[in-house]
Amino acid sequence: MTSEYELDCANCGTSLTRREVPAEALGFGAPDSLEVAECPDCGGRYFPETALEQLET
């Protein structure tokens with residue numbers, strides 16, 4: 001199965017990179033950091049299934 005980390009940014013086509021972001025900085029009340037796929041050029045963020053699962057709990 002392809003993950004977000006293997007895809008290019010939908011906005012600008014740049015390869016996405018793995019980054020940990022505090023959940024609070026994203027506007028979520030979760031106490032932990034979330035691993036997101038982020039574009040180093042335009043700043044677009046994509047949430048892998050594992051990050052979404054953390055937010056559901």
Side-chain angles (χ1 to χ4, degrees):
M1 177 189 248
T2 303
S3 76
E4 285 77 5
Y5 306 112
E6 301 169 63
L7 301 173
D8 293 334
C9 178
N11 296 320
C12 70
T14 302
S15 294
L16 300 174
T17 58
R18 197 176 296 251
R19 180 163 180 238
E20 273 198 36
V21 178
E24 189 175 279
L26 298 171
F28 299 107
D32 299 328
S33 293
L34 297 174
E35 198 169 83
V36 299
E38 186 173 77
C39 178
D41 285 344
C42 74
R45 286 188 178 146
Y46 303 87
F47 295 83
E49 187 174 337
T50 53
L52 296 175
E53 288 171 355
Q54 280 183 280
L55 295 173
E56 287 180 347
T57 59

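None of the values given here were measured: they were computed from a predicted structure. For this chain, numbers begin at 1 and follow the sequence in order.
By the side chain to side chain donor-acceptor pair (under 3.5 Å) test, Thr50 is found to be paired with no residue, residues two or more places apart in sequence or in another chain being considered. Residues satisfying the side chain to side chain contact (heavy atoms under 4.5 Å, CB included) test with Glu49, not counting sequence neighbours, are Glu53. Under the side chain to side chain donor-acceptor pair (under 3.5 Å) criterion, Thr14 pairs with Asp41, sequence neighbours left out. Under the rule for a side chain to side chain donor-acceptor pair (under 3.5 Å), Glu4 has no partner lying at least two apart in sequence or in another chain. Residues that satisfy the side chain to side chain donor-acceptor pair (under 3.5 Å) test with Tyr5, not counting sequence neighbours, are Glu35.
Taken to the nearest 0.5 Å, the OG atom of Ser33 stands 10.5 Å off from the CD atom of Glu24. Annotation: the span from Cys9 atom SG to Arg45 atom CZ amounts to 12.5 Å, rounded to 0.5 Å.
The two residues Pro48 and Val36 make their nearest non-hydrogen contact at CD-CA, 4.0 Å. Heavy-atom minimum distance, Ala37 versus Leu16: CB-CD1, 3.9 Å.
Residues Val21 and Tyr46 fall into different hydrophobic clusters, defined by Ile, Leu, Val, Met, Phe, Trp and Tyr side chains chained together at heavy-atom separations under 4.5 Å.
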